[in-house]
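Single-structure report; data block below.
We number each residue from 1, following the sequence as shown.
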Amino acid sequence: MVPEQPARRSTLSRRGLLKGGGAVAFGGLSIAALKLPMFGIDPVQACPNGGAAKDVSADERELVISNWTGYIDPRKNPKSTLAQFQDQTGISVTYNVDINDNAEFYAKVKNQMRACEPIDRDMIVMTDWMAARMISLGFIQPLNKGNVPNLDKNLIESLQGVPWDPEREYSAPWQSGLTGIAYNADLVPEVSSFEELITRDDLKGKITLLSEMADTMGFFLKVTGADPVDFDDDEWAAAIDRLREVKESGQLLQFAGNNYLQQLSQGTLLACEAWSGDVIQAQYDNPNLKFVVPEEGLSLWSDNMMVPNYATHQTHAETWIDYYYQPEVAAKLAAWVNYICPVQGAQEAMLDIDPSLAENPLIFPDSEMLANTWDFMTLTDEKQSQYEGEWADVISS
């Protein structure tokens with residue numbers, strides 16, 4: 001079990017509105033290498049000129065970003081990280097919170113990107129599996145490394161060398177997180193494994209599982225003896241069958257995407273599959289909510305800043321990346337969003353903001369915790385559609 005710490009709260013978590021998508025490879029401390037299928041398109045040849053547009057950053061002090069909900073400190077505060085970025089650089093930021101789901105956002109922009117048309121954004125933030133997919137499809141611009149020295153200098157070791165972007169030429173992690181188990185210690189003994197979560201009689205009818213396929217099915221692959229990073233159709237079928245059995249047994253109250261911790265605190269739930277940042281925030285109001293590293297390990301994911309094809313303010317996007325890779329800025333951001341901070345030196349900087357957060361392993365995990373993490377296999381478009389259809393058949397029936 002991970003000790004709780006009081007946390008600074010964001011108004012709504014990054015994963016609070018999430019309904020689907022996936023969570024995949026974390027990097028150097030992963031227990032298996034991510035197997036990235038190439039989609040038959042050379043990234044630099046997918047569009048004319050590799051998808052590069054004329055960069056008008058010198059003439060237009062503007063930057064357009066799409067990110068997840070509740071994934072930044074309060075923007076209206078004149079001392080916020082965003083406000084200080086604008087003050088220091090003179091760049092006016094249009095910060096959109098229009099990503100609620102990886103697949104949903106991809107569906108919104110894919111036709112334009114496939115047609116080599118701009119999507120009117122200079123930066124998007126995608127979870128690992130979708131970041132890998134979009135890079136492979138040639139939808140993302142390489143970063144000008146000279147503009148992001150802090151990224152190369154301060155990116156934590158465990159996020160370096162990911163198989164789908166080994167040199168971080170296309171992506172820069174914004175935040176990362178863990179998927180494990182939460183339970184209400186006022187009402188139930190510790191739930192130490194996912195197998196316990198889905199079988200214990202005292203939890204029957206009072207658990208939830210996440211509505212994100214890769215997180216939940218990763219655990220079901222684990223409990224049926226498969227490896228989430230390397231499985232075949234038969235192993236997937238066995239995991240889906242086990243999920244169906246759990247649902248039909250009455251063990252599960254529902255699949256949840258946004259309100260599981262409120263229900264856990266109220267006692268409607270006794271235990272649930274949960275995201276680490278959500279639990280940290282909830283512990284501020286209810287310290288009896290506990291986050292557990294299950295015996296099966298933790299699913300570990302990262303969300304990544306990327307510059308899409310035909311972005312016209314790439315230099316400003318790179319200035320943004322470099323700014324947020326300053327340890328003091330990264331610590332200020334992490335103190336609000338409460339997910340894993342990707343910036344080396346931020347833990348020390350956090351001591352001046354909130355020492356309790358500097359000691360929280362869900363924001364600054366050590367190598368021992370990271371060694372107990374696992375990934376979800378990156379899928380081809382065909383397999384993604386097949387598995388999503390089979391998943392939907394179970395959770396919606």
Side-chain angles (χ1 to χ4, degrees), residues 1-21 23 67-74 97 99-101 104 127 175 177-192 194 196-198 200 202-216 219 246-247 250-294 298-299 301 303 334-340 354 356-357 360 362-363 395-396:
M1 184 179 70
V2 177
E4 71 280 355
Q5 296 287 348
R8 295 171 181 259
R9 301 187 64 195
S10 66
T11 55
L12 184 64
S13 76
R14 164 258 191 270
R15 292 265 168 169
L17 295 180
L18 191 60
K19 297 175 291 185
N67 206 344
W68 298 78
T69 302
Y71 222 14
I72 197 168
D73 50 320
V97 289
I99 303 177
N100 292 322
D101 176 281
E104 178 186 90
T127 307
Q175 299 287 284
L178 301 161
T179 307
I181 293 172
Y183 73 99
N184 190 326
D186 271 346
L187 304 175
V188 70
E190 179 176 339
V191 182
S192 61
F194 200 81
E196 281 191 23
L197 181 70
I198 60 177
R200 259 176 45 181
D202 62 330
L203 304 178
K204 189 166 186 176
K206 291 199 170 185
I207 73 164
T208 58
L209 300 174
L210 294 169
S211 59
E212 184 167 344
M213 182 186 78
D215 276 347
T216 296
F219 277 112
V246 169
K247 184 179 179 184
Q251 185 78 2
L252 177 68
L253 176 65
Q254 65 188 45
F255 291 90
N258 61 358
N259 64 347
Y260 60 94
L261 286 173
Q262 294 93 321
Q263 292 176 304
L264 190 65
S265 187
Q266 294 163 0
T268 307
L269 297 178
L270 299 178
C272 59
E273 185 183 11
W275 288 302
S276 56
D278 288 357
V279 178
I280 298 174
Q281 293 167 20
Q283 286 172 342
Y284 184 86
D285 289 332
N286 187 347
N288 291 308
L289 302 185
K290 311 295 184 181
F291 184 85
V292 173
V293 178
L298 293 160
S299 169
W301 46 268
D303 290 324
W336 279 95
V337 301
N338 297 155
Y339 281 95
I340 294 173
D354 188 332
S356 70
L357 294 184
N360 195 314
L362 299 184
I363 299 176
I395 68 171
S396 62

> Partners of Q266 by side-chain contact (heavy atoms from CB on, under 4.5 Å), sequence neighbours excluded?
Replying inline: Q262, T268
>> Could you work out, with side chain to side chain donor-acceptor pair (under 3.5 Å) as the rule, every residue matching K247, not counting sequence neighbours?
In response: S397
>> Apply side-chain contact (heavy atoms from CB on, under 4.5 Å) to residues Y339 and D278 and explain how you reach the verdict.
In response: CA-CA 8 Å; Y339 281 95; D278 288 357; 3.0 Å; yes
> In Å and rounded to the nearest 0.5 Å, what is the CH2 to CG distance from W68 to N100?
Replying inline: 7.5 Å
>> Run the side-chain contact (heavy atoms from CB on, under 4.5 Å) test on L252 and L209 for me, step by step, so that the C-alpha distance in whole Å, both residues' side-chain angles and the decisive distance to 0.1 Å come before the verdict.
In response: CA-CA 8 Å; L252 177 68; L209 300 174; 3.7 Å; yes
> What's the spacing between N360 CG and N338 CG if we round to 0.5 Å?
Replying inline: 8.0 Å
> Hey, what do you get for CG (N286) to CG (L261), rounding to the nearest 0.5 Å?
Replying inline: 10.0 Å
> With distance as the sole test, does Q283 use its side chain to make a donor-acceptor pair with the main-chain N or O of N288 at under 3.5 Å?
Replying inline: no
> So how far is it from L253 CG to T208 OG1, rounded to the nearest 0.5 Å?
Replying inline: 7.5 Å
>> On a heavy-atom basis, which atom in A274 and which in Y260 lie closest, and how many Å separate them?
In response: CB-CE1, 3.5 Å
> So F194 and F219, would you call those rings parallel, tilted or perpendicular, with 30° and 60° as cut-offs?
Replying inline: parallel
> Does the pair S265 and D285 meet the rule for a side-chain contact (heavy atoms from CB on, under 4.5 Å), with working shown?
Replying inline: CA-CA 9 Å; S265 187; D285 289 332; over 6 Å; no
> Is there side-chain contact between W275 and W301, with heavy atoms separated by less than 4.5 Å?
Replying inline: yes
>> Could you tell me if the side chain of K206 sits less than 4.5 Å from the side chain of Q251, heavy atoms only?
In response: no
> Are E212 and T216 close enough that a side-chain donor and a side-chain acceptor fall under 3.5 Å?
Replying inline: no
> Where do L289 and A282 come nearest, in terms of heavy atoms and distance?
Replying inline: CD1-CB, 3.8 Å
> Of all residues at least two apart in sequence or in a different chain, which pass the side chain to side chain donor-acceptor pair (under 3.5 Å) check with Q175?
Replying inline: none
>> Among residues at least two apart in sequence or on other chains, which ones pass salt bridge (Lys or Arg N to Asp or Glu O under 4.0 Å) with D186?
In response: none
> Under 4.5 Å between any side-chain heavy atoms of L210 and T179, yes or no?
Replying inline: yes
> Is any side-chain heavy atom of L362 closer than 4.5 Å to a side-chain heavy atom of I340?
Replying inline: no
>> Can you give me the closest heavy-atom contact between L197 and A271, atom names plus distance?
In response: CD1-CB, 3.6 Å
>> Going by side-chain contact (heavy atoms from CB on, under 4.5 Å), C272 matches just one of I207, L264, V279. Which one?
In response: L264
>> I'd like to check the side-chain contact (heavy atoms from CB on, under 4.5 Å) partners of V188; sequence neighbours left out, ordered by chain and number.
In response: Y183, R200, D202, L203, L270
> To the nearest 0.5 Å, how far apart are CD in E196 and CD1 in I181?
Replying inline: 8.0 Å
> Going by heavy atoms in the side chains, are V191 and V292 under 4.5 Å from each other?
Replying inline: no
> For the atom pair CD1 (I363) and CD1 (I280), what is the distance rounded to the nearest 0.5 Å?
Replying inline: 4.0 Å
